[in-house]
Amino acid sequence: MSDLPRILLIGSDGQVGWELRRTLAPVGQVIPASLGGHGGPAVDLVDAASIRKVFNATAPDAVVNAAAYTAVDKAESESELARAINADAVHVLAELCAGAGIPVVHYSTDFVFSGDTDHPYREDDEPAPMSVYGQTKRAGELALLDSPADALVLRTAWVYGVRGRNFLLTMLNLFRERTELRIVDDQVGTPTWSRMLAEVTAQVLHAVFTHAVDIKQVRGLYHVTGGGAVSWFGFASAIREATGNDCALIPIPTSEYPAPARRPAYSVLDTTKFRATFGLKLPDWHQSLALCLEDLSEQTAPRV
Ligand SMILES: NC(=O)c1ccc[n+]([C@@H]2O[C@H](COP(=O)([O-])OP(=O)(O)OC[C@H]3O[C@@H](n4cnc5c(N)ncnc54)[C@H](OP(=O)(O)O)[C@@H]3O)[C@@H](O)[C@H]2O)c1
């Protein structure tokens, strides 16, 4: 029997969850729970009884919830499902973790903001979500922050990585298929590598387990993204440059790329509070992109 704390990782098949499986391994005994039940218990966040059952059966020392309803546009027509997963399920987790007196880490989004500002958003800026996804994620934040649970709510943004549905992989596919792409240039944010997010999450949880920080003092809301800011067009251009593609990129306004959900025009998050509280550095988005592309090319290189 391991002495390591037991970490119930919900959503272990998602892009962040998949990275967390590895980064949390040195910190605790990871119990990966997912909708499909791959390599661990199955859990369906739509069903409160399923959440309670997994929680009680695994008796965790901490919970990390990387699961969410993340289909931003589809959420506009599936608001009940989005709310059930992003808000109601988080209420249940808050109740369970508060009852057991264990820490819980949860993720939220820059889409809780309206984006009509020109300074990086701080944790005390008032959210005003413009989409169903943003509204349900805000409700999930409050489910934890208004509860007595020792919760760390990490708001992040523009997550990409080597796995899952994300902008980087979409661009790499489109570069192969098209000679020209039109990319939105009037939405500005910060790309965040899923592995970087998973690594800092593990460092934070390690600090909590070893009492390097007092969870009662540090519980609350944090902004955690890469450093810097860029538009989608700028991000696509950097990917194109780094991978030596010659697909032509044309900057367009959001009005020329209509989508069901409204997105913030500016959603850069100020990460000062997170960096100061936990003494951690958050690399600039350029640096993380280079490392992620290196990882991707190693994965796809032929083995000798
Ligand atoms: N991606 C971004 O750009 C971004 C930006 C800001 C914040 N975030 C937040 O970061 C966190 C991680 O996001 P991500 O990008 O890793 O998302 P993701 O790749 O879409 O993963 C989400 C996971 O949740 C699972 N899930 C969905 N419905 C479920 C249910 N009813 N029961 C159990 N599991 C369920 C999904 O399983 P299936 O795949 O089987 O459905 C998937 O594995 C989320 O809280 C998200 O809101 C993401």
Side-chain angles (χ1 to χ4, degrees), residues 8-21 23 32-51 53-55 63-75 78 80-90 92-93 104-113 121 127 129 131-141 143-144 151-170 187 189-198 200-201 221-226 232 235 261 263-264 267-269 271 285:
L8 176 59
L9 170 59
I10 301 176
S12 55
D13 277 349
Q15 55 170 338
V16 176
W18 187 72
E19 297 287 351
L20 283 164
R21 281 188 187 219
T23 63
S34 62
L35 200 50
H38 308 124
V43 64
D44 184 354
L45 292 188
V46 171
D47 177 8
S50 160
I51 305 171
K53 189 174 159 201
V54 166
F55 188 91
V63 170
V64 178
N65 179 30
Y69 181 106
T70 56
V72 176
D73 287 317
K74 216 167 152 201
E78 287 190 345
E80 274 181 36
L81 184 59
R83 184 161 294 276
I85 296 168
N86 291 346
D88 301 345
V90 186
V92 177
L93 285 175
V104 49
V105 180
H106 177 74
Y107 300 94
S108 190
T109 172
D110 55 327
F111 282 19
V112 298
F113 290 116
Y121 280 106
S131 62
V132 168
Y133 171 71
Q135 285 156 9
T136 60
K137 291 295 289 182
R138 176 59 183 157
E141 292 180 349
L144 283 163
L152 294 168
V153 176
L154 309 182
R155 262 192 206 142
T156 190
W158 294 30
V159 178
Y160 69 91
V162 297
R163 187 185 150 113
R165 273 185 311 267
N166 64 65
F167 187 81
L168 170 66
L169 297 184
T170 302
Q187 287 173 30
T190 310
T192 303
W193 185 20
S194 52
R195 181 160 317 156
M196 190 280 290
L197 185 60
V200 296
T201 301
L221 177 64
Y222 294 89
H223 287 173
V224 190
T225 64
W232 289 116
F235 188 28
R263 287 155 168 82
S267 60
V268 179
L269 303 181
T271 61
W285 70 266

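Indexing begins at 1, ligand by ligand and atom by atom, following the structure's order.
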Within 4.0 Å of some non-hydrogen atom of K137, the atoms of ligand 1 are 44 (C), 45 (O), 46 (C), 47 (O)
Nearest non-hydrogen protein atom to atom 25 (C) of ligand 1, with distance, is A67 CB, 4.0 Å
Shortest non-hydrogen pair, S131 vs A261, comes out as CB-CB, 4.0 Å
protein heavy-atom neighbour closest to atom 1 (N) of ligand 1 works out as Q15 NE2, 3.4 Å
among protein heavy atoms, the one nearest atom 46 (C) of ligand 1 is Y133 OH, 3.6 Å
| said: Under 4.0 Å and counting heavy atoms only, is there anything from the protein next to atom 15 (O) of ligand 1? | reply: yes
- Query: Could you go step by step and tell me if Y107 and V159 meet the side-chain contact (heavy atoms from CB on, under 4.5 Å) rule?
  - Reply: CA-CA 11 Å; Y107 300 94; V159 178; over 6 Å; no
Per-atom filter on ligand 1: closer than 4.0 angstrom to a heavy atom of A66 are 12 (C), 22 (C)
N/O donor-acceptor pair under 3.5 Å between T225 side chain and T190 backbone = no
Near W158 (heavy-atom distance under 4.0 Å), the atoms of ligand 1 are 3 (O), 5 (C)
Nearest heavy atom to atom 7 (C) of ligand 1, choosing from A157, S108, G140, belongs to S108
Of V159, L20, T156, the one whose closest heavy atom lies nearest atom 2 (C) of ligand 1 is V159
key: CA sep, side-chain torsions, deciding dist, call: L168, W193, side-chain contact (heavy atoms from CB on, under 4.5 Å)   = CA-CA 10 Å; L168 170 66; W193 185 20; over 6 Å; no
Review point. Between H106 (side chain) and A151 (backbone), is there a donor-acceptor pair under 3.5 Å?
Key: no
Nearest heavy atom to atom 20 (O) of ligand 1, choosing from T225, N166, T70, belongs to T70
Residue, atom and distance of the protein heavy atom nearest atom 38 (P) of ligand 1 read L35 CD2, 4.4 Å
Would you sort out whether V162 and E19 count as a side-chain contact (heavy atoms from CB on, under 4.5 Å), showing the intermediate values? CA-CA 10 Å; V162 297; E19 297 287 351; 4.0 Å; yes
Under 4.0 Å from one or more heavy atoms of D44, ligand 1 contributes atoms 30 (C), 31 (N), 32 (N)
ask   = Counting N and O atoms only, with roles assigned by atom type, does the side chain of R21 sit under 3.5 Å from a partner on the main chain of S12, one being a donor and the other an acceptor?
value = yes
Checking side-chain contact (heavy atoms from CB on, under 4.5 Å) for the pair F113/R155: CA distance, chi angles, key distance, verdict? CA-CA 11 Å; F113 290 116; R155 262 192 206 142; 3.2 Å; yes
The protein heavy atom nearest to atom 32 (N) of ligand 1 is L45 N, 2.9 Å
Check: of A42, A68, S12, min heavy-atom distance to atom 27 (C) of ligand 1 comes from A68
Separation between CG (L81) and CG (N86), nearest 0.5 Å, reads 8.5 Å
The residue among L154, T201, V153, T192 that forms side-chain contact (heavy atoms from CB on, under 4.5 Å) with V224 is L154
One finds that the ligand 1 atoms under 4.0 Å from a non-hydrogen atom of T109 are 6 (C), 7 (C)
Numbered in order shown, the ligand 1 atoms found under 4.0 Å of a heavy atom of I85 are 28 (N), 31 (N)
A student checking ligand 1 against V46 at a 4.0 Å heavy-atom cut-off should list atoms 31 (N)
Ranked by distance from atom 10 (O) of ligand 1, the top protein heavy atom is Y107 CB, 3.7 Å
heavy-atom search around atom 43 (O) of ligand 1 in the protein gives G14 N, 3.1 Å
Is it true that W158 and F167 have ring centroids separated by less than 6.0 Å?
no
Ranking V16, T136, V43 by closest non-hydrogen atom to atom 33 (C) of ligand 1, top hit is V43
Answer with yes or no whether the side chains of S194 and Q15 bring together a donor and an acceptor at under 3.5 Å.
no
